[in-house]
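The structure under discussion appears below in the form of structure tokens.
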There are 2 protein chains.
Amino acid sequence: MVEKQLKDRIIETALTLFEKYGYHGVTVDRIVAECGASKGGFYHNFKSKDELLYHIHDVFITYVLNKAQEAYVKYKTPTKRLCAIIQSFVRVFHIYKPHITVFNQEAAYLKPEYAEKINAKREQYKQIIFQVLREGIEAKQFRAEVPVEIAGLSIIGMVNWMYKWYKPDGPMSIEQIATAFNDLILHSLLTEEAKRDEDISSFLLSHVGDE
Amino acid sequence: MVEKQLKDRIIETALTLFEKYGYHGVTVDRIVAECGASKGGFYHNFKSKDELLYHIHDVFITYVLNKAQEAYVKYKTPTKRLCAIIQSFVRVFHIYKPHITVFNQEAAYLKPEYAEKINAKREQYKQIIFQVLREGIEAKQFRAEVPVEIAGLSIIGMVNWMYKWYKPDGPMSIEQIATAFNDLILHSLLTEEAKRDEDISSFLLSHVGDE
DNA sequence: GCGCACAGACCAACTAGTCGGTTTGCTATC
DNA sequence: GATAGCAAACCGACTAGTTGGTCTGTGCGC
């Protein structure tokens, strides 16, 4: 624990390089050179370059899926659940931006056996979002006309897209971004009655009753 | 015009393959084999594999940028402009889905001189969206609290993300998807007054005054 | 008979992965 | 607490296979 293990150093270096140059734009030789390791050290820790790619994917999706499940269990109303899930999703960019970039860019290059595992978790995540949206409509918090699949995929899309523009040292903090997303998303989902609910409208940037 | 030229056949084949296996997952040999051409034929039409990648990027971004500019000129109010731009954006998936997949997945592998040209157009597109959002806030059609950049990037993100899930033979038509997007986006942007405007609320799935 | 469009054998460079060997750290023994 | 023994961690030269790109042609329209 005193020193960073080689495996971690390799992952860290690989992430930085993959994020910038893409999986195929970086050779194993480059990775090991950049972190002062060797070919042998690399293949002692990973079965293949593919396994490293899988590992990066898995760390991120496992983490974010856990966070969503935690948020789902912790809160009891659809609106609160959705906001908590989105907030946790956005927050991940703070720690895992390079992972997410690789996850969104290089998934196509995962070997079938790895892709299968990752896709199963990806699918689970999607289903949680869909579930919350359905519950929200059921509970009359979200508009009945909202198409669950489109709305769910839109949410996933707009947050995931952050990997193209989010800069940790940008003008807005990660919490501000999460709040802005929640405001936009809730405005598009909530029914008029729900917006008038004090408990719910607290997630909005401005309370509709204020004017 | 009587027969499909080799260049077009190469592009078409390359697109199908790139979409499925990624740019680096497909060799030049594979492309030419699959479309009954030869190495010579390929390099007669393209300076390099990179140029083919650039060409695919350019066709799509040029097309979609034109469509956005046309929509902007054709309509005069922010809401109409935004809806028309989004509609045109979504419609592109009907024709250019493989282009868009490659565009979103493989941009990192463009050689610097090509990347520069593409990014300039990409930036232009972003600015049109931002502009319309600013105009909408100015005209009091869109809520003043809406953060222009976040909202703009969200819109671009959610539509672009379609490349991950859109299937031409899915349950919803491209027009239905466009309508659903517009409904979600307008609900998140419009002021309460604007929603009561007959002319504007016609873009919503259900008119708020109906209840 | 000239040049454009294309064919296909060939090449040089690159890269993931291997393999015999060395170092390091831990444990049991005296 | 020195030492021997041993396994895991790590090194780096080497290899086999792959791939973008070249080059010498060849057929064909005008």
Side-chain angles (χ1 to χ4, degrees), chain A residues 1-58 102 105-115, chain B residues 1-58 102 105-115:
Chain A
M1 217 55 22
V2 276
E3 278 223 31
K4 213 153 218 176
Q5 291 309 299
L6 179 61
K7 185 164 184 173
D8 291 325
R9 263 169 42 224
I10 290 175
I11 293 170
E12 206 173 314
T13 311
L15 274 168
T16 317
L17 292 172
F18 287 168
E19 186 179 12
K20 202 165 178 183
Y21 305 105
Y23 179 70
H24 285 94
V26 179
T27 65
V28 176
D29 279 316
R30 175 105 184 260
I31 296 168
V32 297
E34 210 107 338
C35 70
S38 66
K39 245 351 190 346
F42 182 94
Y43 283 95
H44 178 73
N45 284 287
F46 298 98
K47 268 166 55 186
S48 63
K49 194 187 174 191
D50 293 295
E51 202 203 39
L52 167 60
L53 184 62
Y54 165 69
H55 186 270
I56 291 169
H57 275 70
D58 193 54
V102 172
Q105 291 275 31
E106 317 287 352
Y109 296 118
L110 280 174
K111 290 274 172 294
E113 67 265 31
Y114 294 135
Chain B
M1 211 57 20
V2 276
E3 277 223 31
K4 215 152 218 178
Q5 289 310 298
L6 180 60
K7 184 165 185 175
D8 291 325
R9 263 170 42 224
I10 292 174
I11 294 169
E12 206 173 315
T13 311
L15 274 168
T16 316
L17 293 172
F18 286 168
E19 186 180 12
K20 203 164 178 184
Y21 306 105
Y23 179 69
H24 285 94
V26 179
T27 66
V28 176
D29 280 317
R30 173 106 185 258
I31 297 169
V32 297
E34 209 107 339
C35 72
S38 67
K39 242 3 189 337
F42 182 95
Y43 283 95
H44 178 72
N45 284 285
F46 297 97
K47 270 165 56 187
S48 63
K49 194 186 175 192
D50 292 295
E51 202 202 41
L52 167 60
L53 184 62
Y54 166 69
H55 186 270
I56 290 170
H57 275 70
D58 194 53
V102 173
Q105 291 276 33
E106 317 288 351
Y109 296 118
L110 280 174
K111 289 272 173 298
E113 65 266 32
Y114 293 136

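Since this is a predicted model, take the numbers as computed values, not measurements. Proteins get letters first, then strands, A, B, ... in listed order; numbering begins at 1 in each.
Contact annotation: Lys39(B) side-chain N/O to dG8(C) OP1/OP2 distance is not under 4.0 Å. Contact annotation: Asn45(A) side-chain N/O to dA9(D) OP1/OP2 distance is not under 4.0 Å.
In this structure, Tyr114(B) has its ring center no closer than 6.0 Å to that of His57(B).
Listed nucleotides: dA7(C), dG17(C), dA8(D). Nearest to the side chain of His44(A): dA8(D). Checking dA7(C), dA8(D), dG21(D) against every side-chain atom of Ser38(B), the shortest atom distance belongs to dA7(C). Between dT18(C), dG20(D), dC6(C), one nucleotide has an atom nearer to the side chain of Tyr43(B) than all others, and that is dG20(D). Proximity note for Thr27(A) (side chain, C-beta onward) versus dG17(C), dT15(C), dT19(D): the nearest is dT15(C). When the nucleotides dG17(C), dA7(C), dC10(D) are ranked by their closest atom to the side chain of Leu6(A), dC10(D) comes out on top.
For Asp8(B) and dC6(C), the CG to C1' distance is 16 Å, given to the nearest whole Å. Whole-Å rounding puts the Asp29(B) CG to dG17(D) P distance at 17 Å. One atom, OH of Tyr109(B), and another, C1' of dG20(D), lie 16 Å apart when rounded to the nearest Å.
At least one donor-acceptor pair under 3.5 Å links the side chain of Glu51(A) to the backbone N or O of Lys47(A).
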Could you give the side-chain donor-acceptor pairs of residues 29-36 of chain A under 3.5 Å, partners two or more places apart or in another chain?
{"unit_1": "Asp29(A)", "atom_1": "OD1", "unit_2": "Lys39(A)", "atom_2": "NZ", "d": "3.4"}

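Between Tyr23(A) and Tyr109(A), the ring planes lie parallel to each other; the angle is under 30°, not in the 30° to 60° tilted range.
Across all strands, Val32(A) comes closer than 4.0 Å to no nucleic acid atom at all (heavy-atom distances).
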